[in-house]
Every structure is written in C-alpha cells, then in structure tokens.
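To start, the structure itself, in structure tokens.
Lettering of chains follows the sequences in order, A, B, ..., and the numbering in each one begins at 1.
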There are 4 protein chains.
Amino acid sequence: MSNQKQTIMKRIGIVGISGYSGMTVLKILFNHPQVRVTYVSANNTQGKLTDIWPQFQGLTKLTCSKYDIKEALKLTDLVFLAVPHTVAMQITPELLKQGKKVIDLSADYRLNNKQDYKKWYNMEHQDLKNLKKAVYGLPELYREDIKKADLIANPGCYPTAAILSLAPLVSLHAQLINSIIIDAKSGVSGAGRKATLNFSFCELTENFKAYKILNHQHTPEIELYLKKLNKISPIIHFVPHLLPIERGIFETIYIQLKEKISLHKIHAIYKKFYKTEKFVRVLDLNQQPQLKNVAHTNYCDIGLSLDQTKQMLVITSAIDNLVKGAAGQAVQNMNIMLGYPEEEGLL
Amino acid sequence: MSNQKQTIMKRIGIVGISGYSGMTVLKILFNHPQVRVTYVSANNTQGKLTDIWPQFQGLTKLTCSKYDIKEALKLTDLVFLAVPHTVAMQITPELLKQGKKVIDLSADYRLNNKQDYKKWYNMEHQDLKNLKKAVYGLPELYREDIKKADLIANPGCYPTAAILSLAPLVSLHAQLINSIIIDAKSGVSGAGRKATLNFSFCELTENFKAYKILNHQHTPEIELYLKKLNKISPIIHFVPHLLPIERGIFETIYIQLKEKISLHKIHAIYKKFYKTEKFVRVLDLNQQPQLKNVAHTNYCDIGLSLDQTKQMLVITSAIDNLVKGAAGQAVQNMNIMLGYPEEEGLL
Amino acid sequence: MSNQKQTIMKRIGIVGISGYSGMTVLKILFNHPQVRVTYVSANNTQGKLTDIWPQFQGLTKLTCSKYDIKEALKLTDLVFLAVPHTVAMQITPELLKQGKKVIDLSADYRLNNKQDYKKWYNMEHQDLKNLKKAVYGLPELYREDIKKADLIANPGCYPTAAILSLAPLVSLHAQLINSIIIDAKSGVSGAGRKATLNFSFCELTENFKAYKILNHQHTPEIELYLKKLNKISPIIHFVPHLLPIERGIFETIYIQLKEKISLHKIHAIYKKFYKTEKFVRVLDLNQQPQLKNVAHTNYCDIGLSLDQTKQMLVITSAIDNLVKGAAGQAVQNMNIMLGYPEEEGLL
Amino acid sequence: MSNQKQTIMKRIGIVGISGYSGMTVLKILFNHPQVRVTYVSANNTQGKLTDIWPQFQGLTKLTCSKYDIKEALKLTDLVFLAVPHTVAMQITPELLKQGKKVIDLSADYRLNNKQDYKKWYNMEHQDLKNLKKAVYGLPELYREDIKKADLIANPGCYPTAAILSLAPLVSLHAQLINSIIIDAKSGVSGAGRKATLNFSFCELTENFKAYKILNHQHTPEIELYLKKLNKISPIIHFVPHLLPIERGIFETIYIQLKEKISLHKIHAIYKKFYKTEKFVRVLDLNQQPQLKNVAHTNYCDIGLSLDQTKQMLVITSAIDNLVKGAAGQAVQNMNIMLGYPEEEGLL
C-alpha cells in the first residue's frame, strides 16, 4: 500500500468496543481497504484490545481507553457509537459540532420526536436539535439522504427486518392492508453483552420464550418508518421471542389481505422493488429464508407465502442481527457517507 | 410386590419402540406402578431393547421384535401405536376386534372423515369403521368419552397446545373472534427419528426457519376440534417453525378481538375453565410460559397478554412435544381408560 | 395418605434452594413417598418458591425465606446444604448439635485435613471438629459408614465420576498404575447459577475451552479418596473443560499400564466390583458412555478400552453432574441414612 | 477490474462442492482477488449451485455437474478435491498428467506408504506413483516443498492441530518426551455432510461421547509427521470425541516430561518456533485457547501449562476444523503454490 493512499484513508473511531456490535464493526473494518480504525473506547473495561477480544490477536495493536472527547476529536474522522441508548445523545453533539460524522447504533436518534422517545425509553431526550437532523440509516430506503448526512440513526435489528419485509407492499399497495402482525425471533446477542442471570447459558439453552409482548420499544420505530412510506399507515402488532442461538433474527409477518391478489403478483412487486439492491434477496417462491443462510452476512432474505382462499399473506425474513441488524448496516451507511462502494468490506 | 397384584397389572404393548414417542411412553411407564410393558416391536430394528436405547440398561430386559399380531394379541391388554400414519390403520382393526384397547399416537384416526384424511395425508383411509368410533384423546375436553373408548386418536403435538390455548375463549366467547393466527415453534424431535440431511446436526444448530407455511396437516385438526367446541368456527392460519432444540412446542396465538374485553376478565375465564385440570397451568398475568418450565413434564402452560387499545389478544403456550404433545398425553389417556389416577406416572 | 403415615414421614430442609443443586434435590423429593420438604431457604432471593422456580407451579406451595437457624431446627429432621463452600461450615455445627442430620453438597467437609482445605479453598476451616467426623458420601464405597453418619460430605461432581471409574483398578490392581490422567468435560450447570459474563449464553454457545488446567480444587479430593482405597497412591493429573451444554460430566481417563493385562480381564474386574450396584453401569465392551444416556438419571456409566500393544488403558465415564454428581447422590445418601430403599425417588 | 488482469487470474475447480469442505473452499475464494472458481462438481447432486447452497445467492451463477474429467481439464488450472478418500486417488492421476495442480483434502495421499494406507483405510492404494510425490500441506513445516509441489495432501483436521501443537517440542526437545496423549474434541462438521441417524440433531444436541478410542485413522498420520521432525519418535495415544457444536477442534495434549524444564523456557521455544508464522498464535501464559476465538478463521491457537512438581506439560490448541483443519489450509497451500501472499483471502 502506498504512503499516499494511507494518508487519505479515513480514520474511524468506535465508542463502545466491548459490546458485540462495536466488536463486529471492528471485525468488518479489518477487511475494509479504505479506512483505518484509529480509536476505540469502552467505559467498563480498558487495556489492550486483544485482552478484551482475544480473537483479534495478530490483527490489531489498538488500546482501548475510557471515552475521551479530546482523543476522539483528535484521532477520528467518523465515529461509530455502539453504546447504550441515553449515552449516545450525550456524546453526539460535540462530535458533530467539531465536524465529525457520527453513526449511532443506539436507539437515541431513531424516533423523530421527543414524546415518543420519552414514552418508550423512559427519559427526556437531551439533544433535540440533532434528533431532527438525524437520518434513519436504512440504505435501501434512504440512500440519498444518507449520502448527505452527518448523523445516522442506525436502525434497530427488529425494525430492519420488518421494514425491509414490508416496504414494497406498504409503499405500493397499502390499500390491501388493515393491520400487520410481526412474530419476531431473535438470537441472544441481540440483547447485548451482559452479566445477568436471565442471559446465562443454563437459563437459555434448550429454552424459548416471548418477552415484552405487544410492548417492545421497536414497535413505534417500525410504525414510524412504515408511515413515512405511506400515509395510510397500518397498525403494527409486534411480539419478540428469544431463540437459543447466538445470532440471527427471523420474522414471520402476517397480513390479512383486504382484496384478492396473486402470489406471483406480490412476488413480482418485491423483485422489482429490490431489483438493484445487493443486500436484499427476494427468494424464489419455492424457497424460504433460514438463519444459517444469512449468518455472518449483511443480507436480508425475504420469502413470500399466500393462502389464496383465506387471503392470508405471510412474509418471512431473516437477517444477522449483528450484521445487517447492526454493525454491517452501520458500515454500509459509512460506505455511502464516505463515497465508497456500498458493499466494501461486507461481501 | 405380591403375586396377586401382579396378576391384575395390565399388560401393555408399544408398537414402534424405536422412535422418540414410543421410547418416551416406555420411559414413563417404568414409573407407573399399575402396568407392565410386556411387548415392544419395531420394523426397522430388532434385538435387545437396551441395544436400541442404551439409556435403559438396568431397567429392562425386553426384546424388540418385528410387529407380529399373534404376539401382540397374546401378550397385551392395551397397545400404544407409535408408528407412522398409514401404518396405524392397518394394525388397529384386528387389535380392536380381539378386544384390545388401542391408543394411536399417529394421525390416522384424528380427522373424522375420509375426505379430509385423503386431502391432508394423500391416501385413502383404510379403516372407516373405526375412524368413526375413535375418541380424540384430549382429556381436558373429552374425558368422559375417553373413559369409555376402545380406540384413542392421540392428538397431534401442535393441536394439543393450540386447542388447549383456545378452548376457553372459543367455547365461551367465540363471538369475539374473527380469525386466529397461530405462530408455532417446535423442537426437532417433533419430526421423529430420521436419518435425513435436513435433520442433521449441522443443518439445524444455530439455525431457524419456517416450513409448510399455511399448509401444515395439523391445521384441519385444530379447525375440526375448535369447531366441535362452538359452531361459530373461526378461521385458523397456522405456520410452524423449527427450533434448534431437542424438545418443546411454543405457540404464539394472535386474536384481533371484535369487542372490548379486559385482560383480567379473559384471565378469569381461563382460570375457571381449567380450575380442576392438573396438567394445564394458566399462568398469573405477570408470568409467561417458557419451554424449560415444561420440558420433561406433562404440563401445558398458558400465558395471556392484551393490548387494550389495539384490541389484540396474544395467547402463548408451551408444552413438551414428546410428553403432553405425544407420550405423556397417551399415558394420561391410558390412565383414564383403565381407571387409574389420571396423573399416575406423570408427575 | 393416612394421618399416621404423615406423622412418620421425615421432614426435610433445603438450604440454598435458588441454585441448581438445591432445586434438583427438591425436584427429586417431589417423587419420594417417604419424606416431605418442609423448609427451603436462600439468601439472595425470597418469596413464593414458584416465583423462583416457576416450573414447580402446581407441585408446591412452599415459601422461601432467608436462612434462619430457629426455623430450620423447628421444621426439619434432615437438612441438605446446597450453599457455596465456606457457608456450609458456618451452618452445620448448630444443626448437628441439635440432633439434625446434614448432607452438605458443598466442598466444606470433603478434604479431611485443614491444611488441604486452606491450600485449595484459600480459607481456614472453621469447624475442625465435624471435619473429622464427616463421612464421604459415595455410597458405592462408603455405604456402611453412611448408614451411621450424621454429617455427609457429598462428593464433588468430577470426583464422583473419577473415583467410580478408578476404584476397581486402584483397589485391586494399583501395581499396574504409575500415574493417571483425567481429561474431564463438564456442562455449564456445574459452575452453579451465576450472573457473570463468562457464563452468559453468547460466550459459551458453540464454544469449548479448558480451565484451571492441572490446578482444579477437585484434584486433591480425587487423590485423597483413591489413596484411601490403596496406600500405593497414583499421581493424578486433572484438566477440566467446559462443554456448551446444560448438564453432564464426561471423563476420559488415561492409564499407562506397567504390566500386560487383557481388556477382558479388566472388564471382568469392573463387572464384579459393581455387581450389586444399581447406579453404576459397567458397559459391555462394544458400548461406550454418552452423556444423553445418563442425563436426568443417577447412573454412572463406565466404558473400557485398551491398546494392547501400547499398554494404554482408557476408561470413559459419564454422569449427570446435577444428579449423580450432586443432588441425586445426596438423596441416595439420605435414603441410606434414613433406612429407605437406596433408589427411592431416583429411578 | 481490467481485462488484462482477468486473463491472468487462475481458474480453480472444486470437486465435491456439496460437502462442507468444498463449500468452505468456495466461500473463501469469493474473497480472493487473484483466482476465479470456474468449475464445481458433485456426484450426489447437480444443478444451480445456489440450489445446493442458497446462502450464496447473489454471489455466484455457477452450475454444479457430475465430475467430468474433460470439463475439469478444459476449465481449470488447479483443482481442489473435497471428496471422500478412495475417490481422490482415482481422479488425481489424470489431472496431474495433464499438468493441473491438485490439492487433495481427502486422506488419500497423506500416509506415504501403501501398507499404512491399507491398514487404516481398508483398501489397496491405487496411485502409488503419486503417493510418493505428494507433499504434506502443512505450510508451517513444509512451505518450501509446497512451493514446488503439483500434488498436495492437505492434512487431516486432528493432525493439523496435533502436529502444530507438538512440532516445536518434538523438533527441538524430543529427549524430554516418552509418550504423548492427545485428547481431541471435534465439532460435528468434521464428520462431513451425511444423512445418518448418528449425526441427526436429536442424537447429538446436549450430548458428548468418545469414538474410535485409541483406534482413529489420524493416529498414524500424526505419528508419521512427528517422526519426520525427529527420528526419536514418541508414541501417540489418540482419543477423539464429538462436541455438540458445528465447528472447531480442541486438543488437550499431555506429556509426562522426563526432565525438569520451566514453563517460561517452553513458552520461549514455542514463541521462537512460530515467530514468523501468521496463522499460529502461541498465546501468552495467562491466556488459553477457546474455540470461539478461532471459529471462521485460519488460526491455530496454542496454550501451554505445566505442573512443575509433577513434571506434567499440557498443551492445548484450537482450530476451526473447516478452515485451518481443511479448506483454509487448502487455500493457504494454493497461495503458496501459485505465488500469492500466503494470507490472501484468509484474514
């Protein structure tokens, strides 16, 4: 690699490197030829990065420190925030003010009004100014806005699969829909990296359960961005479950259709809608998504099924919650923001 | 044990001992003080039973042979059929004719007309006479009929959880319901014991997928027995999924209510309906079913959730597919048929 | 059940009910016709027992309280201590003094001298008087002592499998052995029920590692009780590993034999040694132990293999760490102490 | 990419694409900028490659056909054989004769004499000429030979971890060693992709067992290549086990040392031996290998532990059996043969 090229490589920071999302951003960027990770931080652990993540021995000599705004400003051009919600909105304003680009993987800038934020995250929003300017980082729908954005609200894992699964139908045929039921199943890493009994191995292996039934904070996020696609906004019923696996989100989406429509027609609509999208695969009608086909990838696989007589449409979709549902999509957003090929590092 | 007691112990046969259901019947009966397993058979493997199931070393000296009607007639009073569908209806007539009682764990006698059987199992039914006489072995609904029955159609695993979850509402408040969506998730043992690539370890571990979407043969079974509860019969939409675990069925059931009703009222209805049932646990409203709580037990746990505003009711239920979903329920039926305490061997 | 019978049922206490071992003792005793659990306590959680262990709904109305010596004395005849080491030796003296029998599942009374205890558990032993009187609760070796004991040191999970695997050879043919290598693999429940990152689902699923290599505190326990079998005591090299499963211990034991001996002879020695033992199954030479055959049982399965040319003997053994490795063996000890059939509740 | 560059890209064939190893070669080569996979075949399945491996939708338009020597000769420069043993030696001679390079992932060319092959693989070797010329593809030991080779015998998964773990000690300090015990644990994918009951999900999940105890065909492979390092050849005792996970091999290696030596000295020997090796990570003494740190990578992690008093050395090592234990190492060999950077496609 020539010296000249190195000088123009963008310098990347990852705040919250001790979590699974932050770690996955780093892992992807090891294979990205146009950026260098120059700053990593975490508040609960410090020291050699390879002591925190020994799998990276031989790949990096980075040191992890407590977040320090001066260091972050000095060492980075763009910063990924892989921190808990409420923390992101404390860090973001100063980074933006100093001209850095920010991709926030937390929920802080996803809901675009303070009332919803307060209702679902139990706290007043602290950065209303940037809340309005944040761009929702779902490239398949907001690519043009992302190109010009300084602050990306990286979508939630469940909403990524849900919105991609529903966008063609809601955009183009909302009149078919009354309400939508989303039965979602997530791998355990979706809950983050925590030392709690509920997420201990023995409590989860060979187990399965629902949680936050009809009451999960990703519900308003799904509703909001579907509404932006079409003012006729369907009601969303959302129930998440915990799968005894490390990674992956599978959603089974039920729509009672108000009019007759053939499966082939729906399939054609989906195929056309995502024709040029590299990371959304609308499967042939004889195929169905499964988590192993998207694990460790940035793909969202979508399957379609219809009972003609009962007019029931079932959309199934699968993503890797840590990749397309978090870190991969974040890098996809970075690539768009910085003018790189959108799939760089992601294939 | 006195000689006198031995002579009155019922002699039990298990046809299809090499599968998971047959094996589980045997395992339960080891702890049943009033019966002796005197005959086991399998068509794909023969020899010492402990060569087929080494976990039973020290517990049994039974030998497994190819099914032989003469042996079965000579050695048993009651026979469990844990065989594939289409096989059960070939074996059953002669056993019944000779005065034996039969509990069929296959699907052969569950649908009560030949048209449905042909449609869903792709074969003409071969024993129409007994098809009409078979009693559906869901004790919580058909206990009185089971007492008098000679032939039990032991319910399917998915229908057991579905019908128990829905019976109180459908029986008493069918007017609230338009249609019902059942999103079901099953452990791998539900598919039986097979040497196929699709069920190999590497294809399933860390994986999850839907199958037979809106097209599973348990759909008409659920519809049929709900219809028997109430002539206003709701439409059923049923989608099963495969969980990367050995055992357990979890169902998430969605009902868009046509009228307002409070969660407490629904809870009270369920509590009352199952008040005297030992094996159905209607959970308190602050609790939710999880598979680990019913694994290796004959319980069906039921949880209730409601979004008042959206009038969406979600019923969740959990059973062990090999116990309450197959062998446990079969033994429960046997206990009722033979006049033993219903929970004998099952707690 | 008649009143008369109730009055003679023994009253059992379980201290440390919130852990996996304490819970498993309770679960086993639900099926034990001759005792009643009358007292349960835990220091980290209190309230309805079914709030701590919802799987027991319908089976018990017990309430869990903080350990209180007066309550324990008033309500129990025999107490299981399923508490961390160092806690047991604080509770035990008063219980014994007041005439209660104690079965301690912790490590506190296993090593019979204070120096070893201090070396391996980093603490002075606080109850030297009872340390000397405690009987090591491995019924296959110490049944007669257990009958007369008031205090049982219930063996560690690894030592149970190791000592049972080695007892016949060490007792009868120690001259064949120089040293013994034990490569042990344990399910995660062996580590107890803890909220730590190291035991979280995502850190362990699809993972495997060794820990405390050549330095685990069960090493001296194995050495001690092998030495009691034969003064020619072999050196033990012990390495434990963590399996990504809930339950089970598998040990692969390597012995370089000093003299030629045939596999059939060794097998005959083992068969004879355990001839009357219900819970040790010396497998035929064409069979090998596997964890699924002992899961949820009190069995210890033992397999034998020999390379004649290289004079290498390999003994494999499998137990369920929560049953024969903890709670099941504890109940087996209770049965012996109280004069019940040894297998009561355990088959 | 310029046309000119495309013309000089090497054309790669993969024979046996329907197995896990063949699939993994392909997956790695998608990220390799200097080669193109131009031919894939399988004997048990044909058609669109994405019907066999749907996870590759969007990445390839290759079609899989039955192996045809003419096609293979016409379309490829180098061929990976990911076929069962005995098949490779039938395909290899003609490919070599026509000037193709061959990397054989089967066992056919690993043992360098016909007697051993017959003894361990129960068949006469059919290609003695090339058996002598094949180079054992362990780059860390045979890099210079690999550069000049036309036929690579890609090492077995167990031998890769074993030989890398032992090479420094056996090469430089064989006098310390009498015999070596290798307790190996493998994920299920090591057994290949098969439709057999033994490898079905329910038989393996939550299970663990040993197999081919002291009798596995990788034993002579390990002995052979250790002997090449040092004529004082230690005896190898090898016991493999099956882990209930998809991928990974963990080996725990026991060496009773004949002389005193410090752990730091051994560690220094290992560090120096692998100083320039990118894919072997000798861990610091406070660290230990674990499978998750090498999953999906080409690394071999090695840990060292010593009990000074007992003179017992324990070496632990971890690889991904499908990567460093098969496909990754095969690509590493290809890179060396074709003059590419050794880590191309592998980081």
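Between Leu26(A) and Phe80(A) there is no side-chain heavy-atom pair separated by less than 4.5 Å. A heavy-atom distance below 4.5 Å is not found between the side chains of Val37(C) and Val35(C). No side-chain heavy atom of Ile12(A) sits less than 4.5 Å from a side-chain heavy atom of Val25(A). At least one side-chain heavy atom of Leu283(A) sits under 4.5 Å from a side-chain heavy atom of Pro289(A).
For Ala330(A) against Ile103(A), the heavy-atom pair with the smallest separation is O-CD1, 3.5 Å.
For Val87(A), the side-chain contact (heavy atoms from CB on, under 4.5 Å) test picks out Val83(A), Pro84(A), Ile91(A), with sequence neighbours left out.
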N/O donor-acceptor pairs between chain A and chain C, cut-off 3.5 Å:
from      : atom 1 : to        : atom 2 : distance (Å)
Tyr20(A)  : OH     : Glu203(C) : OE2    : 2.6
Arg193(A) : NE     : Glu203(C) : OE2    : 3.0
Phe199(A) : O      : Phe201(C) : N      : 2.9
Phe201(A) : N      : Phe199(C) : O      : 2.9
Glu203(A) : OE2    : Tyr20(C)  : OH     : 2.6
Glu203(A) : OE2    : Arg193(C) : NE     : 3.0

